[in-house]
Amino acid sequence: MSEGLSRVPPANDSDAPVDVRIARTLEDLLQVVAIRALVYVGEQSCPFAEEFDGNDLAGATHLIASVENEPAGVLRMRWFAGFAKAERLSVRESKRGGNVAKALIDAGSALAARKGYTMILGHIEPALLAFWKRNGAVRERPGRPPVEFSDRYYIEVIKDIAPVADALSLDSPALVLLRPEGEWDAPGVLDRSLHRRGGRAR
C-alpha cells in the first residue's frame with residue numbers, strides 16, 4: 001500500500017495501532033539511526049562502529065514502526081540469494097510490551113514474501129527464543145553453534161514464509177520492477193514519465 005507497508009491494530013484497548021513503513025528519506029534514516037543508537041549503543045553499550053557496521057546503505061531495506069506518528073522501532077532487512085536476513089530489530093524502551101516488534105517482523109516477512117523469498121534468517125539471544133516463537137513464528141536452526149559478537153551470544157533462527165501468488169520475478173512487468181521498494185502495486189515516477197511523449201508500457 002502506498003501510505004505505508006502495514007498497519008497493525010491494537011492488541012488491547014490500551015495499545016495504539018502500529019504503522020510500519022519503509023525508510024525512504026534522510027529523515028527516515030535519521031530515525032533509524034536514533035532508535036538503534038538508543039537501544040544498542042545506549043542500553044547495551046555496543047561500540048558505535050559495531051552497531052553501524054557498513055551494511056546500512058549497502059543492499060539493506062529499513063523498516064520503521066510508528067505509534068501515534070512517533071517512531072517506536074526499526075528493523076533492517078538484507079537480501080541474499082535464497083534467503084532474507086532480519087537484523088537490528090530494536091524498539092524504544094517506552095514502546096516495548098505492545099505490538100511493535102511483532103508488527104516489524106510481520107512487515108519484514110510480508111516484504112520478503114513479495115520479493116519471492118520463502119525463508120528469513122535471524123540471530124537472537126537465547127533468552128528471547130520463546131518470545132520470538134510466539135511473536136515471529138521462528139524455529140531454532142539445528143546443528144548451528146551459537147555465535148558471539150559485540151559481547152553477546154546469539155543463536156540462529158529461521159522463519160519460514162509461505163510463497164505468495166504475486167511474488168516478483170524475472171517475468172514481472174519491467175515497470176513494476178522499477179517502482180519504489182514495497183510499492184509495486186502503485187504507478188511510480190517512471191510509469192508517469194510515459195505521459196511526457198504519449199508513450200505506453202511495452
Side-chain angles (χ1 to χ4, degrees), residues 1-10 16-36 54-91 95 99-122 136-137 159-202:
M1 63 179 81
S2 59
E3 292 294 316
L5 196 61
S6 68
R7 183 173 178 83
V8 175
V18 180
D19 293 298
V20 181
R21 71 184 190 281
I22 293 173
R24 300 189 187 285
T25 67
L26 179 57
E27 181 181 341
D28 288 342
L29 193 57
L30 289 173
Q31 292 178 12
V32 170
V33 170
I35 290 175
R36 283 174 40 195
N55 285 319
D56 290 314
L57 301 177
T61 302
H62 299 275
L63 305 182
I64 303 171
S66 296
V67 176
E68 297 176 335
N69 297 315
E70 184 70 15
V74 296
L75 171 67
R76 181 172 80 185
M77 298 291 296
R78 289 201 297 140
W79 313 103
F80 295 85
F83 69 97
K85 191 163 186 299
E87 302 176 328
R88 303 303 203 267
L89 190 142
S90 46
V91 177
K95 302 298 184 184
N99 273 343
V100 175
K102 185 176 187 322
L104 283 164
I105 202 66
D106 288 350
S109 299
L111 181 66
R114 186 67 192 276
K115 289 170 75 86
Y117 290 90
T118 58
M119 183 183 304
I120 297 176
L121 171 67
K159 179 175 175 63
D160 297 303
I161 307 172
V164 295
D166 61 348
L168 301 173
S169 73
L170 278 172
D171 296 322
S172 296
L175 284 172
V176 169
L177 295 177
L178 288 168
R179 291 172 183 165
E181 183 84 346
E183 295 190 358
W184 298 291
D185 296 324
V189 65
L190 296 179
D191 294 85
R192 294 189 290 276
S193 77
L194 298 175
H195 301 295
R196 271 203 303 271
R197 296 187 182 180
R200 64 180 193 275
R202 299 181 192 279

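Sequential numbering from 1 along the given sequence is applied to the chain's residues.
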Requested in this report: Grab the two heavy atoms, one from A112 and one from A84, that are nearest each other, plus how far apart they are.
Outcome: CB-CB, 4.2 Å
Query - Residues in salt bridge (Lys or Arg N to Asp or Glu O under 4.0 Å) contact with R36, at least two apart in sequence or another chain - result: E51, D56
Requested in this report: Over all heavy atoms of both residues, which pair between P180 and G188 is shortest? Give the atoms and the distance, please.
Outcome: CD-CA, 4.4 Å
**Report entry** side chain to side chain contact (heavy atoms under 4.5 Å, CB included) partner of H62, the single match among L29, D28, V74, I22
**Finding:** L29
Report task. Calculate, to the nearest 0.5 Å, the distance between atoms CZ and CG belonging to R114 and D166 respectively. Result -> 4.0 Å
Query raised in the report: Between E181 and M77, is any pair of side-chain heavy atoms under 4.5 Å apart?
Result: no
Report task. Could you tell me which residues satisfy salt bridge (Lys or Arg N to Asp or Glu O under 4.0 Å) with R179, sequence neighbours excluded, listed by chain and number? Result -> D191
Query raised in the report: For the side chain to side chain contact (heavy atoms under 4.5 Å, CB included) test, which of V100, L104, V91 pairs with L75?
Result: L104
Report summary line: When rounded to the nearest 0.5 Å, the distance separating CG of L178 from OG of S172 is 11.0 Å
Query raised in the report: Which pair of non-hydrogen atoms, one from I64 and one from P71, has the smallest distance, and what is that distance?
Result: CG2-CB, 4.3 Å
Query raised in the report: Which residues satisfy the salt bridge (Lys or Arg N to Asp or Glu O under 4.0 Å) test with K85, sequence neighbours excluded?
Result: E87
Report task. Taking the side chain as every heavy atom from C-beta outward, state whether V20 and D106 have any pair of such atoms under 4.5 Å apart. Result -> no
Report summary line: Rounded to the nearest 0.5 angstrom, the NZ-CD1 distance for K115 and I161 is 12.0 Å
**Report entry** Taking every non-hydrogen atom, the tightest pair across A162 and A113
**Finding:** O-CB, 4.3 Å
Query raised in the report: Which atom pair, heavy atoms only, marks the closest approach of A72 to V67?
Result: CB-CG2, 3.9 Å
Query raised in the report: Measuring from W79:CH2 to I120:CD1, what's the distance to the nearest 0.5 Å?
Result: 7.0 Å
Requested in this report: Measure the spacing between CG of L170 and CG of L177 and express it to the nearest 0.5 Å.
Outcome: 8.0 Å
Report summary line: Given the options N55, L63, L89, R76 meets side chain to side chain contact (heavy atoms under 4.5 Å, CB included) only with N55
**Report entry** Check: K159 side chain, G136 main-chain N or O, donor-acceptor pair, under 3.5 Å
**Finding:** yes
Query raised in the report: Under 3.5 Å, side chain of R78 to main-chain N/O of G59, donor-acceptor pair present?
Result: no
Query raised in the report: So do F80 and M119 actually touch side chain to side chain, heavy atoms under 4.5 Å?
Result: no
